[in-house]
Amino acid sequence: MSVYDTLNDMQRDAVFHTDGPLLLLAGAGSGKTRVLTHRIAYLIEEKGINPWNIMAITFTNKAAQEMRERVDRLVGFGSESIWGSTFHSTCVRILRRHIERLGFGTNFTIYDSDDQKTVMKDVCKRLEIDTKVYKEKMILGAISSAKDEMISPEEYRLNAGGDYGKQKIAQAYEEYQKQLQNSNALDFDDLLVKTVELFRICPDVLDYYQERFKYIMVDEYQDTNTVQFLLVSLLASKYQNLCVVGDDDQSIYKFRGANIGNILNFEKVFPNARTIKLEQNYRSTKNILNAANDVIRNNMERKEKRLWTDNDEGDMLECRQFMTAYEEAEYIAGDISRLVREGEFHYNDCAVLYRTNAQSRMFEEKFLMANIPYKIIGGINFYARKEVKDLLSYLKTVDNAKDDLAVRRIINVPKRGIGATTLGRVQDYAVERGISFYDALKEADKIPSIGRSSVKLAPFVTFIQTLRSQQEFLSVHELLGEIIEQTGYVKELEAEDTDEAKARIENIDELITKVVSYEESAETPTLSGFLEEVALVADIDSLDEESDYVVLMTLHSAKGLEFANVYMAGMEDGIFPSYMTTSSDDPSDLEEERRLCYVGITRAMKRLTLTSARQRMIRGETQFNRVSRFVHEIPEGLVAATNEILPRIKEMPRQNAFAQAKNAFLSRPFENKAPEPKKGEGLEYEVGDTVQHIKFGVGIVEKIADGGRDYEVTVNFDKAGVKKMFASFAKLKKV
DNA sequence: TGTCAAAAGATTTTT
DNA sequence: TCTTTTGACA
């Protein structure tokens with residue numbers, strides 16, 4: 001009996017197929033993590049591969065950590081030398097060693113989206129781009145998409161042709177890259193782009209990593225974009241030992257450049273690739289899985305497959321509509337309280353999933369009132385909060401004074417009486433001489449236009465220089481402490497004495513905790529090391545299964561997780577699927593939403609509740625929404641409770657909203673206004689048969705007529721008399 | 001240079 | 001609705 005005997009045939013196939021390219025199409029809950037960990041274990045134990053030669057790319061840092069732990073349990077050694085991380089952190093690690101070949105310093109900083117926006121604002125000002133016409137965000141979006149496809153500024157300009165707008169973007173793109181280079185900074189996309197560039201320009205470096213990563217595994221492959229694909233194929237091109245795991249039905253990041261072609265064309269790029277499908281689900285009950293299957297079935301662009309499970313039928317799905325989002329949240333809070341009280345679930349078995357982060361607020365409020373421990377994942381990244389970023393900027397300035405953004409962010413925090421005019425003059429001086437902003441500050445007394453303002457700048461420079469000189473004998477948390485002390489940052493907040501200020505102090509305390517725990521866990525803790533770790537953590541990485549709390553997050557964040565008891569909230573047309581996709585003329589947008597719904601449903605192991613509200617406040621306006629079309633795609637037979645709304649109306653809708661409101665009130669779950677044609681399947685009864693109807697009772701079929709898309713059935717009911725109805729709608733059962 | 005109020009913008013999802 | 005940005009004024 002070996003550990004591999006517990007796998008099913010398909011899984012075992014995948015584990016034993018170690019050499020040559022392998023495409024693993026793994027449905028939701030089909031045990032792909034098990035396959036990956038066993039595969040790694042097999043490589044190490046049976047094939048004698050050095051763990052050092054194995055690379056596993058996962059979607060989050062947490063997933064990588066988990067994988068390592070599980071391999072450790074199987075093999076007992078070597079798991080720590082497996083290279084397991086996300087695409088982004090992999091690239092950072094490589095670039096820290098070799099980026100000098102591309103003209104950057106190895107201590108480059110990583111710009112987050114806030115930083116990007118600041119740079120872009122500056123670029124627009126410099127190029128005199130009217131940001132009312134070309135929004136910074138839109139330009140950045142265009143640049144990001146270009147980078148996803150490895151399009152350089154020059155190429156972008158050439159592709160733009162005579163299009164004035166695109167020419168402008170090309171200009172901005174070029175200038176933006178120049179600015180980043182000057183600041184020795186890379187944005188998220190650059191991490192990938194520069195790594196591919198590095199491999200292309202330096203075959204010796206590529207060769208080194210090809211030798212290093214003889215066995216490569218990529219998880220969540222359906223969400224990789226073109227650059228990521230290039231990166232992987234470059235690395236794998238020598239030994240071809242590449243195993244990618246994905247599920248086209250769970251591709252939910254197209255908006256971020258994910259290229260589903262990476263899955264669909266895998267066999268073309270690697271002609272001798274083997275494909276293995278995992279279709280047995282081990283996670284969910286039959287009812288939940290069937291619901292998921294019936295929803296995803298409506299997508300046209302997909303590889304046909306149907307997951308199955310040996311698990312029990314399980315409970316029916318719950319489906320509830322409420323008057324307001326308020327009541328919806330109250331119900332979910334109450335339901336969780338009840339289930340925990342009755343001992344059926346723990347808090348950490350429960351998750352509330354929603355489409356947009358904004359929806360979390362209501363739940364937070366209700367959970368607080370109901371005394372339910374909870375954790376919200378996502379929203380504003382911890383490290384993006386103002387107070388945290390301020391302090392990090394100090395650390396960054398000490399670490400790498402080329403990071404102009406960090407320097408400029410903190411130069412007047414706390415207030416040092418340094419204004420925009422002075423900063424502009426320093427900036428001009430820096431540009432003139434081709435030196436960094438900070439270096440210009442150091443020479444402030446030599447800048448003639450500044451005059452007496454240089455007196456204000458000097459203490460700042462001295463402060464940073466002092467910290468730098470102390471850096472070698474201070475630990476990171478001592479350094480941070482010094483900054484907080486010297487700047488009086490916390491003192492200032494304490495003086496404010498507002499709830500908001502208190503929350504900020506808490507965040508700062510948490511930052512200190514994070515620094516300390518970094519120093520405890522890292523082998524050789526350094527300032528740069530800490531800053532690097534911080535730049536790439538996702539909120540989801542902080543999720544911990546040990547703590548007993550309910551998790552609240554977006555459907556996107558939920559990918560790859562599972563919970564015994566799942567609530568999908570805000571199941572309303574216009575929310576989910578979002579208004580943007582329902583009004584889009586590209587039907588594939590809606591299909592992505594449906595995949596997101598599929599991801600949501602398949603997170604649930606035992607119990608799934610879908611909720612919606614008839615009226616909901618959005619941006620200060622009351623909206624009336626119908627129950628989501630996705631809910632209608634779930635067969636009635638799988639659902640227990642449906643619409644239990646009491647017809648009480650708290651306030652009359654405004655006149656102009658009346659028609660909209662009427663529509664919403666008229667819509668009920670499961671009353672499909674356009675029933676799915678099920679003609680092809682035929683009917684289980686014919687003329688003369690006795691049938692059962694859910695409402696009208698027993699009757700005899702008198703006539704079946706071809707009604708075009710559906711059959712029109714005439715039935716003479718014992719009690720209700722003769723009725724005409726559509727077959728797929730009436731759901732008649734033969735008795 | 002700093003403060004306050006008005007105006008604009010946002011809400012689709014994220015490394 | 002709530003937050004962020006802008007602009008006027010002290």
Side-chain angles (χ1 to χ4, degrees), chain A residues 57-64 85-92 110-114 116-118 121 131-132 135-138 140-141 144 147-148 186-193 220 223-225 227-228 250-258 325 353-362 377-381 383-384 386 412-424 453 456 500 533-541 553-560 570 574-584 589-590 592-593 595-597 599-600 616-623:
Chain A
I57 300 218
T58 53
F59 208 65
T60 62
N61 296 303
K62 184 175 162 273
S85 61
T86 62
F87 270 108
H88 292 268
S89 20
T90 296
C91 290
V92 172
I110 300 163
Y111 278 0
D112 66 15
S113 33
D114 262 7
Q116 287 179 285
K117 211 176 153 198
T118 315
K121 255 190 192 157
T131 51
K132 294 234 162 67
K135 299 246 159 59
E136 292 98 332
K137 263 181 94 175
M138 176 235 141
L140 282 168
S144 178
K147 286 180 178 175
D148 284 345
L186 301 181
D187 65 21
F188 286 129
D189 301 310
D190 282 338
L191 296 174
L192 300 158
V193 171
E220 307 286 6
D223 287 321
T224 52
N225 60 30
V227 202
Q228 292 169 332
Q250 292 189 64
S251 154
I252 53 174
Y253 283 105
K254 201 175 78 179
F255 74 94
R256 203 170 74 182
L353 310 181
Y354 36 76
R355 179 65 234 267
T356 65
N357 279 308
Q359 287 167 262
S360 67
R361 195 172 231 141
M362 193 66 77
I377 306 280
I380 317 153
N381 189 323
Y383 295 102
K386 198 202 284 169
N412 207 22
V413 177
K415 301 229 152 44
R416 296 187 176 92
I418 301 161
T421 341
T422 311
L423 293 182
S453 293
K456 292 176 185 163
E500 199 195 319
E533 198 172 283
V534 148
L536 293 172
V537 290
D539 216 12
I540 195 81
D541 293 328
M553 64 189 147
T554 61
L555 288 148
H556 280 90
S557 307
K559 189 176 71 159
I575 305 281
F576 186 36
S578 76
Y579 176 73
M580 297 288 261
T581 52
T582 56
S583 56
S584 159
D589 286 347
L590 191 79
E592 175 140 317
E593 294 278 295
R595 290 194 290 271
L596 191 55
C597 183
V599 167
R616 182 183 293 272
M617 278 282 249
I618 284 169
R619 306 217 286 276
E621 263 184 293
T622 307
Q623 272 193 13

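In what follows, every chain begins at residue 1, and chains take the letters A, B, ... in the order their sequences are listed. It should be emphasised that the depicted structure is a prediction, and the values quoted were computed from it without experimental measurement.
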Going 5' to 3' along DNA chain C, between which two nucleotides do contacts with chain A fall, using a heavy-atom cut-off of 4.0 Å?
C:dT1 to C:dT3
Reckon A:D589 touches a base, only the sugar-phosphate, or nothing at all at heavy-atom distances under 4.0 Å?
nothing
Base, sugar-phosphate, or nothing for A:T224, non-hydrogen atoms under 4.0 angstrom?
nothing
Run the side chain to side chain donor-acceptor pair (under 3.5 Å) test against A:T118 and tell me which residues pass, sequence neighbours left out.
none
By nearest-nucleotide position on DNA chain B, the 5'-leaning member of A:F59 and A:K137 is A:K137
Applying side chain to side chain donor-acceptor pair (under 3.5 Å), can you list everything that pairs with A:T422, at least two apart in sequence or on another chain?
none
Taking only residues two or more places apart in sequence or in another chain, which ones pass salt bridge (Lys or Arg N to Asp or Glu O under 4.0 Å) with A:D187?
A:K147
Which residues satisfy the salt bridge (Lys or Arg N to Asp or Glu O under 4.0 Å) test with A:R595, sequence neighbours excluded?
A:E592
Name the nucleic acid region contacted by A:Y253, choosing base, sugar-phosphate or nothing; use a 4.0 angstrom heavy-atom cut-off, strictly under.
sugar-phosphate
Hey, do the aromatic rings of A:F188 and A:F87 have their centres closer than 6.0 Å?
no
List for me each residue that meets salt bridge (Lys or Arg N to Asp or Glu O under 4.0 Å) alongside A:E220, sequence neighbours excluded, and say none if there are none.
A:K32, A:K559
Contacts of A:V92 that satisfy side-chain contact (heavy atoms from CB on, under 4.5 Å) - sequence neighbours left out:
A:R96, A:F108, A:I110, A:L191, A:E532, A:L536
What verdict does the side-chain hydrogen bond (donor to acceptor under 3.5 Å, both in side chains) test give for A:Q116 and A:S113, after you've listed the backbone C-alpha separation in whole Å, the side-chain angles of each residue and the deciding distance to 0.1 Å?
CA-CA 5 Å; A:Q116 287 179 285; A:S113 33; 5.0 Å; no
Where does the chain A footprint on DNA chain B start and end, counting 5' to 3' with a 4.0 Å heavy-atom cut-off?
B:dT1 to B:dT15
Does A:K254 have any salt bridge (Lys or Arg N to Asp or Glu O under 4.0 Å) partners at least two apart in sequence or in another chain, and if so, which?
none
Taking only the P atom of each, what is the distance from B:dT15 to B:dT11 in whole angstrom?
16 Å
DNA chain B: A:D189 or A:T581, which has the more 5' nearest nucleotide?
A:T581
Anything below 3.5 Å on both distances counts as a pair; with that, list the stems of at least three consecutive Watson-Crick or G-U pairs involving DNA chain B.
B:1-10 with C:1-10
May I ask you to say what A:R361 touches in the nucleic acid, namely base, sugar-phosphate or nothing, with a heavy-atom cut-off under 4.0 Å?
sugar-phosphate
Just to be sure I understand the rule, does A:K559 reach a base, reach only the sugar-phosphate, or reach nothing, if contact means heavy atoms closer than 4.0 Å?
nothing
Please measure how far the C1' atom in C:dT5 lies from the corresponding atom in B:dT12, and state the result in whole Å.
23 Å
With sequence neighbours excluded, residues passing side chain to side chain donor-acceptor pair (under 3.5 Å) with A:T554
A:S557
Would you indicate what A:T60 reaches in the nucleic acid, counting non-hydrogen atoms under 4.0 angstrom: base, sugar-phosphate, or nothing?
nothing
Name all residues meeting the side chain to side chain donor-acceptor pair (under 3.5 Å) criterion together with A:T86; count only those two or more places apart in sequence or in a different chain, and write none if there are none.
A:S89
